[in-house]
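This report refers to the structure that appears directly beneath it.
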Amino acid sequence: MTLLPQLLRKQLTLALEKTDAEIPDGFQVAISLAKDARFGDYQSNSAMILAKRLKQNPRELAQAVVDAGEWDSLCEKPEIAGPGFINFKITTETLQNHTLKVFSDGHLGVPQADPAQTIIIDFSAPNVAKPMHIGHIRSTFIGDCLNRVARSLGHEVITDNHIGDWGTQFGMIIYGWKKYLNKEALAEDAIRELVRVYRQVNAEAKADEAVMQACRDELVKLQQGNADNHAIWQETVDLSLNQLRSIYDWLGISFDHYLGESFYNDRLGPVVDELTEKGLAEESDGAMCIFFRDIPALAEKPAIVRKRDGGFNYATSDLATIDYRVSELNADKIWYVVGAPQQLHFQQIFAATKMRGKNVDMTHVAHGSILGSDRKIMKTRDGDNVQLLDVLQAAVERASAIVKEKNPTLSKDEQKDISEAIGLGAVKYAELSQHRMTDYIFSWDKMLSFQGNTAPYLMNAYVRTRAIFRKLGDDVTFSDAVTIEADGERALAIKLTQFGETVPDILNDFRPNLLANYLFELAQTFHSFYEECPILKSEGGTRASRLVLCELTSRVLKQGLDLLGIRVTDRM
RNA sequence: GUGCCCAUAGCUCAGCUGGAUAGAGCAACGGACUUCUAAUCCGUAGGUCGAAGGUUCGAGUCCUUCUGGGCAUGCCA
């Protein structure tokens, strides 16, 4: 279905072509939301932009365009304001019809991508044998949201959790496993026990060179394929993954693949060989490096693909990963949802991929950092960061206390279900409603806030819609007419039609917060409508129309929140 | 040294490719619940958009310089 701004753009373009203005090549008119509802629904600044290029009077050009246009029933005759703004107000008739179209559209007005593309999203990527801490929520929630949005637009999405399951830390883990492991504790909470063992060995190794050497020996044995060490490593990975999966399950997040670093082990050597044969990598100070001499920003920043000691770096691993994704997974695009500090690394591997002649569109979807109370980044290595699970549990507990207080008659199961939806939703929304590049200091208040611009506010709007239909019973047949009279009805209807404009926008710059903002505004608009326009107490066509608006709000909120990874419940 | 990111109300943050009187939430103050869930609504108050220049009819947004923070910068990932 065609969105309202698209219809306006088409008419505006036709109008412009009828004037005698000389339109520069490639110039396209643009329609945006009206800055202020008093001006109308949509506006175009294109007359001013064009007039500037043509050195004409912007107001006169705007007037000529408006006069030349045929606006029919789409909108009132556009008004010109200020230096040359063109303001559009959709007619009531068009808005009513369009609202019905959205209501009967299976995608709620969201246009489907054509052609659909195969997109790999690489996100979350925690390390094995370590607990996820609060810093992991950014990549995890943003990645999951982009996955949901891209799928809803009709793309073929493959989610891949590129876990850190290989590396030097396994020397210490294996050494500790053999010497200090408590099997019972391992069965109880594997990651906790692995961390305990790792820390103990780490402390010893720092103090005792012999222990350090023993760890290195264990690592070498692992790398050379020693059966015992490989079995220990495998069990460590399996146990850790089980625990990670249970958190992902709780969060409603799933991955198509868990192709971690170890998966690419035997592909690293061949990558370096190929780079060397093609002359892309060269020896420097004993290491094999790719130089980017043609790219000023990277001219003095080579990427090391093989260390002096023969070991490989994560640049090598990422190049091998790209090969697999392109040749085996047929990726058109790869999105890396990884923190901003790794920008240089991605510039390098993207540049290297281009030099290798691979044709794949890659984006580093960077995000800011979560800072500790000392304003320092919470790094994965430090053990004493706030753990993700602790935050999630605290949020659910807090929600549970409030649910019990507000709605004591609910069954135990319902209370649990609702508390989880609210608590987990609140934490997700706190993350996703913020611009992804903003750094912020971790705050329990922020994560556990349930008032104002939060997930429970949006969920509450949904609950209000369901309460009405619960009261009405099952036998609701929706009217095939929407009549818009009250201000609250008009504001809600136009807002509802804008869901389909918002969702594709998210992927323009990978911004889940645009959707969060939209849904918050929708909920606000609905709450105002709800206060102003009684539904069940109204009659006839008004009632029927309001029920449609209410049901459509319900659907858009549910679907919109689902795209953020947030679940709704019928009561709360 | 070089590069990237950030600085907006008391606090936490929006502000899309330059556009109209810079917006929310929290906190504060004043109203609205025998009513479709008040986790709500309505209203009041709160700002030299870090500083100084520049481009433009128009700058929170673009350019330059400066200040103050964060991060990255050849053998961890």
Side-chain angles (χ1 to χ4, degrees), chain A residues 30 32-36 38-39 43 45 48-49 51-52 57-58 81-85 87 125 127 164 166-169 261 284-289 296-298 300-309 311-315 317-318 339-345 347 366 368-369 371 375-377 380-381 399 402-403 406-407 422 430 433-435 437-441 443 445-446 449-461 463-472 505 508-509 511 513-514 516-517 520-521 523-524 527-528 530-537 546 550 571-572:
Chain A
S32 55
L33 290 178
K35 171 99 177 176
D36 188 309
R38 283 177 314 210
F39 303 138
Q43 68 181 53
N45 305 335
M48 292 183 290
I49 292 162
K52 185 169 194 164
N57 180 310
F85 296 99
N87 291 325
N127 283 321
W166 195 257
T168 50
Q169 77 272 22
E261 289 161 7
S284 172
D285 285 344
M288 291 304 290
C289 301
L298 298 178
E300 294 179 9
K301 310 285 177 196
I304 296 177
V305 291
R306 194 173 65 205
K307 297 189 284 184
R308 201 183 327 197
D309 68 6
F312 302 105
N313 295 65
Y314 75 143
S317 171
D318 276 353
Q342 294 198 36
Q343 277 175 125
L344 176 60
H345 168 70
Q347 283 175 31
S369 306
L371 312 176
R375 294 201 57 84
K376 296 284 185 190
I377 288 186
T380 316
R381 304 209 176 154
I402 298 175
V403 170
K406 291 193 182 268
N407 224 331
I422 292 173
S433 59
Q434 190 145 281
H435 186 109
M437 282 306 290
T438 307
D439 290 349
Y440 63 89
I441 297 174
S443 143
D445 280 351
K446 186 190 194 80
S449 170
F450 293 168
Q451 244 135 35
N453 190 357
T454 62
Y457 177 89
L458 307 191
M459 296 165 76
N460 181 236
V463 163
R464 282 180 152 187
T465 65
R466 294 336 300 164
I468 285 167
F469 291 105
R470 193 160 53 240
K471 200 143 215 168
L472 215 50
D505 258 6
N508 287 342
D509 197 29
R511 303 234 343 237
N513 73 313
L514 293 179
N517 290 347
F520 177 63
E521 286 171 12
Q524 275 185 317
H527 282 307
S528 296
Y530 182 91
E531 304 276 344
E532 181 194 338
C533 304
I535 298 166
L536 296 179
K537 282 180 186 162
R546 286 178 182 175
C550 186
R571 301 171 206 260
M572 65 188 281

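Lettering of chains follows the sequences in order, A, B, ..., and the numbering in each one begins at 1. Treat the numbers as computed from the prediction; the structure is a model and nothing was measured.
- Across the protein-nucleic acid pair, A/Asp445 atom CG and B/U12 atom P stand 12 Å apart, rounded to whole Å.
- In this structure, A/Ile422 and A/Glu300 both approach RNA chain B, and ranking their closest nucleotides by distance from the 5' end singles out A/Ile422.
- Taking a 6.0 Å sphere around CD of A/Glu300, one finds it holds 12 or fewer heavy atoms contributed by other residues, nucleotides or ligands.
- Considering only side-chain atoms of A/Gln524, the nucleotide from B/A38, B/A24, B/C42 that sits closest is B/A24.
- Remark: A/Tyr457 is in phosphate contact with B/C41, judged by side-chain N or O atoms under 4.0 Å from OP1 or OP2.
- Across all strands shown, B/A32 is found opposite B/U40 as a Watson-Crick or G-U wobble partner, with both distances under 3.5 Å.
- For the pair A/His527 NE2 and B/A24 P, the interatomic distance rounds to 16 Å; values are reported in whole Å.
- Closest of all the heavy-atom pairs between A/Gly164 and A/Asn127 is CA-OD1, 3.4 Å.
- Base pairing of B/C71 is made with B/G3, judged by Watson-Crick or G-U wobble geometry with both donor-acceptor distances under 3.5 Å.
- Partners of A/Asp505 according to the salt bridge (charged side-chain N to carboxylate O under 4.0 Å, His left out) rule, which considers only residues two or more places apart in sequence or in another chain, do not exist here.
- The side chain of A/Asn313 sits closest to B/A77 out of B/A72, B/A24, B/A77.
- Take the nearest nucleotide of RNA chain B for A/Gln343 and for A/Gln451: the residue whose nucleotide is more 5' is A/Gln343.
- In this structure, A/Lys301 and A/Gln347 have side chains that are not in contact, with every pair of non-hydrogen atoms separated by 4.5 Å or more.
- The nucleotide whose nearest atom lies closest to any side-chain atom of A/Met437 is, among B/G74, B/U37, B/C5, B/C5.
- Using C1' as the reference atom, B/C5 and B/C42 are 41 Å apart when rounded to the nearest Å.
- With rounding to whole Å, A/Phe520 atom CZ is found 10 Å from B/A24 atom P.
- Formation of a donor-acceptor pair under 3.5 Å by the A/Asn313 side chain with backbone atoms of A/Ala315 is not found in this model.
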**Item:** Protein-to-nucleotide contact annotation, 5' to 3' order, nucleotides 14-23 of chain B [B base; S sugar-phosphate only; - none; under 4.0 Å, heavy atom]
**Value:** SS--BBBB--
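- Atom-to-atom, CG of A/Asn453 to C1' of B/G25 comes out at 6 Å; the value is rounded to the nearest Å.
- Checked against salt bridge (charged side-chain N to carboxylate O under 4.0 Å, His left out), A/Arg511 has no partners two or more places apart in sequence or in another chain.
- No side-chain donor-acceptor contact under 3.5 Å links A/Glu261 to the backbone of A/Ser317.
- Taking atom CD1 of A/Ile441 as the reference point, atom P of B/G70 lies 11 Å away to the nearest angstrom.
- Look at the P atom in both B/C16 and B/A27: the space between them is 28 Å, to the nearest Å.
- The side chain of A/Ile468 lies closest to B/C36, out of B/C36, B/U37, B/G74.
- Across the strands present, B/U64 finds its partner in B/A52; the criterion is a Watson-Crick or G-U wobble pair with both atom distances under 3.5 angstrom.
- When the C1' atom is compared between B/C29 and B/C62, the two are found 41 Å apart, to the nearest whole Å.
- Between A/Lys446 atom NZ and B/A27 atom P the separation is 15 Å, expressed in whole Å.
- Spacing between B/U67 and B/A52 at atom P, rounded to whole Å, works out to 15 Å.
- Proximity of A/Gln342 to the phosphate of B/C71: no side-chain N or O atom is located under 4.0 Å from OP1 or OP2.
- In this structure, the CG atom of A/Asp285 is 11 Å from the P atom of B/C75, given to the nearest Å.
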**Request:** Go through the steps for A/Val305 and A/Phe312 under the test side chain to side chain contact (heavy atoms under 4.5 Å, CB included), then give the verdict.
**Result:** CA-CA 6 Å; A/Val305 291; A/Phe312 302 105; over 6 Å; no
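- With rounding to whole Å, A/Asp509 atom CG is found 18 Å from B/U61 atom P.
- Within the 3.5 Å criterion, the main-chain N or O of A/Pro534 finds a donor-acceptor partner in the side chain of A/Arg546.
- Straight-line distance between the C1' atoms of B/A14 and B/C75: roughly 43 Å, to the nearest whole Å.
- Relative to the side chain of A/Pro341, the nucleotides B/C75, B/A72, B/C36 differ in distance, and B/A72 lies closest.
- In terms of modelled atom types and a separation under 3.5 Å, the side chain of A/Asp439 and the main chain of A/Ser369 share a donor-acceptor contact.
- Distance check on atom P: B/A45 versus B/A24 gives 13 Å, rounded to whole Å.
- Comparing B/C63 with B/G19, their P atoms are spaced 15 Å from each other, to the whole Å.
- Nucleotides B/U8 and B/U44, compared at atom P, are 26 Å apart to the nearest Å.
- Under the Watson-Crick or G-U wobble criterion, with both distances below 3.5 Å, B/G10 is paired with B/C26.
- For A/Cys289, the listed nucleotide lying nearest its side chain is B/G74; candidates were B/U40, B/A77, B/G74.
- Nucleic acid contact for A/Met459: none, since no nucleic acid atom lies under 4.0 Å from a heavy atom of the residue.
- The shortest distance between the side-chain N/O atoms of A/Ser449 and the OP1/OP2 oxygens of B/U12 is not below 4.0 Å.
- Look at B/G58: it lacks any Watson-Crick or wobble partner with both distances under 3.5 angstrom.
- Candidate nucleotides B/A72, B/C41, B/U40 were compared by shortest atom distance to the side chain of A/Leu344, and B/A72 ranks first.
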